[in-house]
Amino acid sequence: MLITLHTQTPATGDLVIPFLQSDALPGELTAVAQRLNLPASVLEHDFKADAGEVLPVYSASGQRTYLLGLGKTPQSMDWLRVFRSFFFTNKSKLPNQLSVDVSRFDSIVVEAVVLGILGGGYNLQLYKTDKAGESAFYGSEGQLTLYVDADQRLAADDALTRARTIARTQRAMLDLMNAPANYKNPQTLADWSLNAGRTNGYSVTVLDKAALEEQGLGALLSVSRGSDVPPALIVVEYKPESVGNLRTVGLVGKGVTFDTGGVSIKSSASMHLMKSDMGGAAAVLGTIDVAAQLNLPVHLIGIVPATENSTDGSSTKPGDVITTYTGKTIEIIDTDAEGRVILADGLGYLLRNYQPDVVIDLATLTGSIIAALGYHAAGLFTANDELAAQLAQAGERTGERVWRMPLWDVYKEDIKSDVADIKNFSGKPLAGSISAAKFLEFFSENHPAWAHLDIAGMAFADTEFGSQKNATGFGIRLLIDYIHNMM
Ligand code: BES
Ligand code: MN
Ligand code: ZN
């Protein structure tokens with residue numbers, strides 16, 4: 001699809017016009033009515049600009065105008081959602097050439113609108129053999145024109161570039177997340193990273209099973225034991241060629257390509273959703289890919305421990321004690337608490353080999369965070385108030401919300417082991433996301449700016465794309481916004 005910016009609203013052509021619910025609405029509708037030669041009272045009667053409301057209006061010559069409601073005070077995520085939903089729902093009907101008039105709005109809106117429009121073209125049906133009904137608007141024929149205010153032209157140009165970059169990378173991550181385990185494994189993630197690093201100019205190193213054994217990443221290896229596919233540690237580094245002091249941000253993402261639970265096997269009812277247990281990896285790999293393409297002035301290191309959590313005769317068993325990369329030992333109480341185990345090696349590898357100023361790990365870590373926050377916010381765990389505020393603000397700005405949870409030491413009692421340095425599960429159905437965070441804290445080497453994001457409820461969720469939960473791409477916009485504003 002070709003996207004262009006213009007500063008002059010056209011007299012003809014098919015047009016989408018967004019409207020807020022405000023005192024200005026009647027006047028704005030009168031102007032539209034005049035242009036279309038309609039009585040204003042009809043538009044005013046039929047269109048209230050509720051969030052998501054759509055009123056298609058046709059002129060005698062067949063010109064389409066879609067009035068799109070945004071509600072009272074839409075935030076960036078509301079703009080994105082309304083546009084995504086409109087374009088997704090109508091994608092097979094849309095004309096090849098379509099304009100969107102955002103000239104009455106700030107350029108900040110442009111990024112959300114473009115993300116929404118591009119997002120609306122997503123197709124979950126990767127493996128359907130009948131490819132009929134694909135949208136022409138989203139094909140090579142499609143042309144989208146955005147009308148922006150002349151004063152906003154430069155900022156809108158930037159917003160457009162950002163949105164296209166994020167949308168492209170996010171889509172690749174959605175495909176990886178939605179891919180079933182017979183179409184993806186740790187090597188698939190590694191291959192994607194190697195290829196993206198070559199294309200976009202950042203370095204990617206993959207430690208294969210032999211290298212993991214040689215370097216002693218015993219925690220990652222222990223989770224992978226029951227699987228036929230070998231594990232990998234993906235190490236990504238982006239450092240722009242620029243003068244001046246760059247801040248170094250270390251990102252660690254859980255990359256479990258399928259989580260059966262291992263010997264502590266999950267019940268089957270929703271086990272198929274566990275193909276999505278690599279949402280942290282997607283956020284980390286996606287963020288670095290976007291940052292590199294946008295040349296952001298920051299030094300990023302991404303670590304993705306990638307493995308399947310499966311089960312066979314050689315699986316790690318409950319009660320086993322394993323030795324991590326750092327030398328610390330873990331008593332495995334429940335093999336389904338595997339995310340924190342591989343992150344112990346991910347964090348250890350990052351902190352022993354690099355000197356990041358900030359460390360953020362992201363993981364689809366616990367069902368318990370879903371019990372606490374539902375599907376509306378990720379759990380944020382950190383002892384650093386400044387980092388907490390920065391991440392919370394990035395969450396509000398992008399709509400990828402995070403909510404701070406406690407990290408008090410009393411919760412550490414739950415994961416004391418009699419036989420090893422720590423155990424991976426308290427054995428109690430209480431405060432599970434917090435004891436998981438305390439476990440990770442034990443491997444954070446007392447770093448003063450470490451944060452953990454439990455994104456279990458956010459990475460895979462209900463969307464308009466399908467009837468079952470599917471990937472959201474959560475974390476990329478959050479982290480890009482955080483990086484933008486930390487400097
Ligand atoms: N990948 C799961 C967490 C999860 C659950 C993600 C639901 C997305 C949706 C994780 O590995 C897991 O199994 N956690 C267990 C931990 C428990 C055994 C201590 C959980 O939350 O039940
Ligand atoms: Mn698990
Ligand atoms: Zn898991």
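Both counts, for ligands and for their atoms, begin at 1 and track the order of listing. Values in this document were obtained by computation on a predicted structure and should not be read as measured data.
For atom 7 (C) of ligand 1, the nearest non-hydrogen atom of the protein is Met274 CE, 3.7 Å. The protein heavy-atom contact nearest to atom 3 (C) of ligand 1 is Leu365 O, 3.5 Å. Looking only at heavy atoms of the protein, atom 19 (C) of ligand 1 is closest to Phe425 CD1, 3.2 Å.
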Do His299 and Glu237 pass the side chain to side chain donor-acceptor pair (under 3.5 Å) test, and can you show the C-alpha distance, the side-chain angles, and the key distance before you say yes or no? CA-CA 8 Å; His299 177 201; Glu237 184 166 8; 2.6 Å; yes

Set out, in order, the CA-CA distance, both residues' side-chain angles and the distance that settles side chain to side chain donor-acceptor pair (under 3.5 Å) for Asn424 and Asp334, then state yes or no. CA-CA 7 Å; Asn424 79 332; Asp334 191 313; over 6 Å; no

List the steps, then state whether side chain to side chain donor-acceptor pair (under 3.5 Å) holds for Tyr122 with Asn470. CA-CA 12 Å; Tyr122 188 66; Asn470 58 86; over 6 Å; no

Residues Ser435, Asp414; criterion side chain to side chain donor-acceptor pair (under 3.5 Å); working and verdict: CA-CA 7 Å; Ser435 50; Asp414 283 348; 5.2 Å; no

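Each of the atoms 1 (N), 11 (O) of ligand 1 lies under 4.0 Å from some heavy atom of Asp277. Heavy-atom contacts of Glu338 reach the following atoms of ligand 1: 11 (O) (cutoff under 4.0 Å). Close approach of ligand 1 to Thr364 is summarised as follows: ligand atoms under 4.0 Å from at least one heavy atom of the residue are 1 (N), 2 (C), 3 (C), 6 (C). Proximity to Asp334 (heavy-atom distance under 4.0 Å) selects the following atoms of ligand 1: 18 (C).
Not a single heavy atom of Asn309 lies less than 4.0 angstrom from ligand 1. Using a 4.0 Å heavy-atom cutoff, Arg340 is listed among the residues neighbouring ligand 1.
In this structure, Tyr183 has its ring center under 6.0 Å from that of Tyr127. Proximity of the aromatic rings of Phe88 and Phe465 is defined here by a centroid distance below 6.0 angstrom, and this criterion is met.
A donor atom on one side chain and an acceptor atom on the other are found under 3.5 Å apart for Ser264 and Thr335.
Side-chain contact check for Ile422 versus Phe443: some heavy-atom pair is nearer than 4.5 Å. Within the 4.5 Å cutoff, the side chain of Met405 has no heavy atoms near those of the Leu380 side chain.
Relative to the ring axis of Phe137, Lys93 does not place its NZ or CZ within 45° and under 6.0 Å from the centre. At least one cation-pi condition fails for Lys412 and Phe442: the charged atom is not both under 6.0 angstrom from the six-membered ring centre and inside a 45 degree cone around its axis.
The distance criterion of under 3.5 Å between nitrogen or oxygen atoms is met by Asp259 with respect to ligand 1. Backbone and side-chain nitrogen or oxygen atoms of Gly367 are examined, and one is located within less than 3.5 angstrom of a nitrogen or oxygen of ligand 1.
Proximity of Lys254 to ligand 1, defined as any heavy-atom pair under 4.0 Å, is confined to the side chain (atoms from C-beta onward). Contacts of Val256 with ligand 1, taken as heavy-atom pairs under 4.0 Å, are absent altogether.
With Ile369, Asp336, Asp454 as candidates, the residue nearest to atom 12 (C) of ligand 1 on a non-hydrogen basis is Asp336. When Ala456, Ser276, Ser433 are ranked by how near their heavy atoms come to atom 6 (C) of ligand 1, first place goes to Ala456.
Among the backbone and side-chain atoms of Asp277, none of the N, O or S atoms lies under 2.8 Å from the Mn ion (ligand 2). At a cut-off of 2.8 Å, Asp259 is counted among the residues with an N, O or S atom near the Zn ion (ligand 3). At least one N, O or S atom of Lys254 sits under 2.8 Å from the Zn ion (ligand 3).
Around atom NZ of Lys266, more than 12 heavy atoms belonging to other residues, nucleotides or ligands sit under 6.0 Å away.
Contact check on Lys328 versus Asp421 returns no salt bridge, with no Lys/Arg side-chain nitrogen under 4.0 Å from an Asp/Glu carboxylate oxygen.
The N, O or S atom of Asp277 lying closest to the Zn ion (ligand 3) is OD2. Of all N/O/S atoms in Glu338, OE2 sits nearest the Zn ion (ligand 3). The N, O or S atom of Asp259 lying closest to the Mn ion (ligand 2) is OD2. Within Glu338, OE1 is the N, O or S atom that lies nearest to the Mn ion (ligand 2).
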